[in-house]
Each structure stands twice: as C-alpha cells, then as structure tokens.
Q: 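Below are the structure tokens for one structure; questions will follow.
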Amino acid sequence: MPELPEVEVLRRYLDPLVSGKRLCELRVFKSRVVRPESSGKLTETVRGCRVKGIERRGKFLWLNLVKSRSRSPFPLVIHLGMTGRLFVQPSAAELPRHVAAVFRLGRESLVFKDTRLFGRITLETDSIEQLGPDPITDEFLVSDLQSAIGKSAQPVKVRLMNQRVLAGLGNIYACEVLHRAGISPFMKSSDLRLAKFKELHEAIVSTLTRQVEFGMSLDLDFIGETTGDGLFYFGSRHGQARKSKERFRVYGRAGEPCGICSSIIKREELGKRGTFFCVKCQKE
DNA sequence: CGTCATGTTAAGGA
DNA sequence: TTCCTTAACATGAC
C-alpha cells in the first residue's frame, strides 16, 4: 500500500478536486470494501452530502461531509489497503477494471479502484481514533516517539509499523528510516537509548517530509494505468523512474552494495514481512 | 508451479 | 487484562 508520503501527496491532489462538491451518489461495486458490508446504510447516509474537504492521519484518509448547512461534518473514512487507488475522472468516462466504488460529484466522479480489495470505506471511526501520532502533521517530539514505542519486547521495526504506536510507516519506510538512523530492525525496542531515539526521530521526520516533497515534484499517474516506476507508489508519467529508484537506500536492494559502507544489503523476514538492512551500518 | 507484494485485523496463546 | 504472534483476506507479477 501507499504509506504516509504517498497518501499525503494523494490528499493534496484530491482536496481541490472534491472540496465544495456535492456527493450526488455513491455506487458500491465491491461490497467487501464497505464496513459493515451491507452498503445500504452508507450510501443512504452520504447521498446529497457536501464535501468540506479531505484529511489524513497516517495512511487513513477521510472526506468531511455535511448533510446540510447547520449540521456539523462527519467523516467518511477511506483506506487504500495494499492496492487501492483514488482518482477523479469525468462521470461519463469508462471505468477501469477492479473499481470498488464510485462517488459521483456531478460531472466528475471520484473513483476508488482496488485490485486486491484490502481497502476500506466506512463511517466507523474507531480505526482513526486508535492511531498513534502522525509524524508530519501532529507536533512530534523525540519524547513522543519514545513514549509511543515504550518498553516493548518487540523488535523496533515491528513496533514502528504498528499504526497504534505511530501512524504512517509501512514496510518500505520502516526499513528506510532504520537504515538512516543506523539501527538494526531486529533490535529490541526496550534496548533503545536516548541517542538512538533522537536519530530515529530525525530519520522519520526527514525521510517522510522529503518524500512528500519529492512526490509533489513528480507528474504522477494516480489512475495507475501506466507502468510507472513502481517505487513511488503512484507511477510517474515519464522518465522519472531512475530518479525515484535512487530514493531507496535499502528497500528492494538485497544483494546490492550499501550506499554508505558498500556492504551487501541483506533481506530477512521479520514479523512476516521482507526486511532490508545493512549489517554493518545497522548494528544491534 | 512457487514466491513475493508499500496492509490491517481477528483470533488465540502466554 | 495486556502483550505478542500468526492466519486470513484476494489478485497479479515474475
């Protein structure tokens, strides 16, 4: 799935396209993505609502909807899962394969496409309420990172990917920030010292912030019909593949030399996820 | 055919 | 109860 930077870039792209529009109709094609799965209540609730804006926390997006003036907004939560895409196209245009739902906003439609159907659309807010701090949106200090991770027996990478601890890191950026901070993914969280928390905090904030800026500089293909470069989740339209690949220091680079020390980058499984790291730069 | 994939959560064990 | 681990979900690329 897209992680925090990709979701934030998507939010910035979508916000001006949907804000102020009326949601004439929500059509659900794959009921699996709707929670609860009976989509009747959801489609009934959102019909006719005005979209006030689109917000994000971690990897979750939500449309702020209002039923009528005087009413306060309520969120329609969207998660892209592993393969979800959201984009705007003319309502008259043909829909691609794997469309899970379409929000008709008059002449334009907001399309939610999801091949693997791990994505979600719901009025339930418990998942966003349980999220940990968002490192680039909330005030986020070293002490916040420290208290979020706590004294866990789990490996630091597993802890970083827990969205209730910290909202936004997935498998790619967890690998990347640990390399940048010089911390082994396998290190027990409770063994981290203050100096390492400082490096990790700096790595998280700088990596995510720069990647959002990088994403905003690309001519992105949100629909995903082109091959893209496969590295920024949304492919870019032309010739930016190499530039994008260079953004990753360890992820997907098993067998290649580390950019810092030239040791060969390894891949091992941790918490059922492929984990890329440099043995020399990332000691326990 | 098998392996792997940027994710979350329910279920069960300790 | 809390903390932690695993299986399941579903499809496509290689």
Side-chain angles (χ1 to χ4, degrees), chain A residues 1-10 29-37 56-61 77-86 96-100 112-122 124-132 148-179 185-186 188-190 204 207-208 211-212 214-215 220 222 224-236 244-245 247-255 267-276:
Chain A
M1 125 164 215
E3 304 181 27
L4 184 152
E6 292 83 3
V7 179
E8 174 59 17
V9 169
L10 175 63
F29 295 94
K30 304 284 184 181
S31 64
R32 175 167 289 280
V33 303
V34 171
R35 281 295 155 84
E37 277 201 45
R56 179 196 62 78
R57 186 180 179 90
K59 310 173 196 174
F60 285 80
L61 289 170
V77 177
I78 303 175
H79 194 291
L80 299 180
M82 197 79 105
T83 52
R85 290 177 184 275
L86 271 177
R97 288 185 70 192
H98 306 300
V99 169
F112 180 38
K113 175 182 134 176
D114 187 7
T115 309
R116 285 171 76 179
L117 304 178
F118 290 173
R120 292 290 178 267
I121 300 173
T122 183
E124 294 168 359
T125 55
D126 44 332
S127 50
I128 56 174
E129 284 159 9
Q130 289 170 11
L131 290 173
I149 288 182
K151 296 290 177 199
S152 168
Q154 287 182 306
V156 60
K157 177 176 178 247
V158 172
R159 205 77 185 126
L160 284 177
M161 289 177 64
N162 181 339
Q163 303 299 299
R164 296 185 188 195
V165 171
L166 199 60
L169 291 181
N171 202 33
I172 289 181
Y173 295 108
C175 291
E176 293 298 308
V177 301
L178 286 168
H179 180 268
F186 300 91
K188 195 162 61 153
S189 302
S190 55
I204 291 168
T207 301
L208 297 180
Q211 191 68 355
V212 170
F214 175 65
L220 292 170
F222 291 99
E225 293 303 289
T226 65
T227 325
D229 53 43
L231 285 169
F232 199 90
Y233 175 77
F234 310 108
S236 52
S244 183
K245 162 117 180 152
R247 308 291 296 181
F248 298 102
R249 298 164 158 228
V250 287
Y251 185 83
R253 289 182 177 273
R267 179 194 181 280
E268 284 181 28
E269 193 150 291
L270 173 58
K272 296 284 160 200
R273 309 300 299 274
T275 299
F276 299 86

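Below, chain A is the first sequence line, B the second, and so on; all start at residue 1.
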Q: Measure the distance from CD on A:Gln130 to P on B:dT9 and round it to the nearest whole Å.
A: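 To the nearest whole Å, that distance equals 8 Å.
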
Q: Take the protein atom CG of A:Asp114 and the nucleotide atom P of C:dC9, then report the distance between them rounded to whole Å.
A: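 The distance from CG of A:Asp114 to P of C:dC9 comes to 16 Å, rounded to the nearest Å.
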
Q: So which one's nearest nucleotide on DNA chain B is more toward 5', A:Leu169 or A:Glu269?
A: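 Its nearest nucleotide lies further toward 5', so the answer is A:Glu269.
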
Q: So, is A:Tyr173 near the phosphate of B:dT6, with a side-chain N or O under 4.0 Å from OP1 or OP2?
A: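 It does not, given that no N or O in the side chain of A:Tyr173 lies less than 4.0 Å from OP1 or OP2 of B:dT6.
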
Q: Is A:Phe118 stacked on the base of C:dA10 when the test is centres under 5.5 angstrom and planes under 30 degrees?
A: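 By the stated criterion, A:Phe118 and C:dA10 do not stack.
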
Q: Which sits closer to the 5' end of DNA chain C, A:Gly271 or A:Thr115, going by the nucleotide each is nearest to?
A: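 Its nearest nucleotide being more 5', the pick is A:Gly271.
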
Q: Quick one: does A:Arg32 reach the base of C:dA10 with a side-chain donor-acceptor pair under 3.5 Å?
A: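 No, the side chain and the base share no sub-3.5 Å donor-acceptor pair.
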
Q: Rounded to whole angstrom, note down the C1' distance from C:dG12 over to B:dT9.
A: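 C:dG12 and B:dT9 have their C1' atoms separated by 23 Å.
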
Q: Please tell me if the side chains of A:Tyr173 and A:Glu6 come closer than 4.5 Å, counting only heavy atoms from C-beta onward.
A: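 The answer is yes, as the side chains (C-beta and beyond) meet within the 4.5 Å cut-off.
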
Q: Let me know the distance between CG of A:Leu160 and C1' of B:dG7, rounded to the nearest Å.
A: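 Value for this atom pair: 16 Å.
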
Q: Side chain of A:Asn171 only, please: which of C:dA10, B:dG7, B:dA5 is the nearest?
A: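 So the nucleotide nearest the side chain must be B:dG7.
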
Q: Taking the side chain as C-beta and beyond, is there a heavy-atom pair between A:Phe118 and A:His79 under 4.5 Å?
A: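 Result no, sub-4.5 Å side-chain heavy-atom pair not found.
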
Q: Among the candidates B:dA5, B:dG7, B:dT9, find the nucleotide nearest to the side-chain atoms of A:Lys59.
A: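 Among the listed nucleotides, the one closest to the side chain of A:Lys59 is B:dG7.
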
Q: Would you check if A:Leu270 and A:Pro155 make a side-chain contact, meaning some heavy-atom pair closer than 4.5 Å?
A: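 Yes, close enough: below the 4.5 Å cut-off.
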
Q: Could you pull out the closest heavy-atom pair between A:Lys157 and A:Thr275, with the gap in Å?
A: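 So the two residues come closest at NZ-OG1, 2.8 Å.
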
Q: Choosing from C:dC4, C:dG12, B:dG7, which nucleotide comes nearest the side chain of A:Arg97?
A: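 That would be C:dG12.
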
Q: Between atom CZ in A:Arg120 and atom C1' in B:dT9, what is the gap in whole Å?
A: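 Distance check: A:Arg120 CZ to B:dT9 C1' gives 9 Å.
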
Q: Evaluate the ring planes of A:Phe234 and A:Phe222, with Trp represented by its six-membered ring, and classify them as parallel (under 30°), tilted (30 to 60°) or perpendicular (over 60°).
A: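 It falls in the tilted class, 30° to 60°.
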
Q: A:Gln154 side chain: which of B:dG7, B:dA5, C:dC4 is closest?
A: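 Looking only at side-chain atoms, A:Gln154 lies closest to C:dC4.
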
Q: Going by purine N1 to pyrimidine N3 plus the second Watson-Crick contact, or the G-U wobble pair, all under 3.5 Å, which nucleotide sits opposite C:dA13?
A: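 In the structure as shown, C:dA13 has B:dT3 as its Watson-Crick or wobble partner.
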
Q: I want to verify a distance call: between C:dC4, C:dA10, B:dG7, whose nearest atom is closest to the A:Leu117 side chain?
A: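 It is C:dA10.
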
Q: Between A:Leu270 (CG) and B:dT6 (P), how many Å, whole number?
A: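 Nearest whole value for this atom pair: 13 Å.
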
Q: Give a yes/no on whether any side-chain N or O of A:Arg273 is located under 4.0 angstrom from OP1 or OP2 of B:dG7.
A: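 Yes, because at least one side-chain N or O of A:Arg273 sits under 4.0 Å from OP1 or OP2 of B:dG7.
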
Q: Go nucleotide by nucleotide along DNA chain C from the 5' end; which of A:Arg159 and A:Lys272 gets its closest nucleotide reached first?
A: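 Its nearest nucleotide lies further toward 5', so the answer is A:Arg159.
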
Q: Has the side chain of A:Gln163 got a donor or acceptor atom that lies under 3.5 Å from a matching backbone atom of A:Leu169?
A: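 Such a contact is found between A:Gln163 side chain and A:Leu169 backbone.
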
Q: Would you classify A:Ser152 as touching base, sugar-phosphate or nothing, given that sugar-phosphate means primed atoms plus P, OP1 and OP2, and contacts are heavy atoms under 4.0 Å?
A: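 Touches sugar-phosphate only.
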
Q: Expressed in whole Å, how much space separates the C1' atoms belonging to C:dC9 and B:dC1?
A: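 C:dC9 and B:dC1 have their C1' atoms separated by 22 Å.
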
Q: Return no unless some side-chain N or O of A:His98 is found under 4.0 Å from OP1 or OP2 of C:dT11.
A: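 For C:dT11, neither OP1 nor OP2 has a side-chain N or O of A:His98 closer than 4.0 Å.
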
Q: Side chain of A:Arg267 only, heavy atoms from C-beta on: which candidate in C:dG12, B:dC4, B:dT8 is closest?
A: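 Nearest to the side chain of A:Arg267 among the choices is B:dC4.
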
Q: Side chains of A:Asn171 and A:Tyr251: does their closest heavy-atom pair fall under 4.5 Å?
A: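 When only atoms from C-beta onward are counted, A:Tyr251 and A:Asn171 do touch, with a gap below 4.5 Å.
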
Q: With P as the reference atom in both, quote the distance from C:dA13 to B:dT8 in angstrom, rounded to an integer.
A: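 Pairwise P distance, C:dA13 against B:dT8, rounds to 23 Å.
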
Q: Give the rounded distance in Å between these two atoms: NZ of A:Lys113 and C1' of C:dT11.
A: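 Interatomic distance, NZ of A:Lys113 to C1' of C:dT11: 13 Å.
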
Q: Would you mind reading off the distance between A:Met161 atom CE and C:dC4 atom C1', rounded to a whole angstrom?
A: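 Checked: the CE to C1' distance equals 15 Å.
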
Q: Provide, to the nearest angstrom, the distance between the CZ atom belonging to A:Arg116 and the P atom belonging to B:dT8.
A: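 Taking CZ of A:Arg116 and P of B:dT8, I get 13 Å after rounding.
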
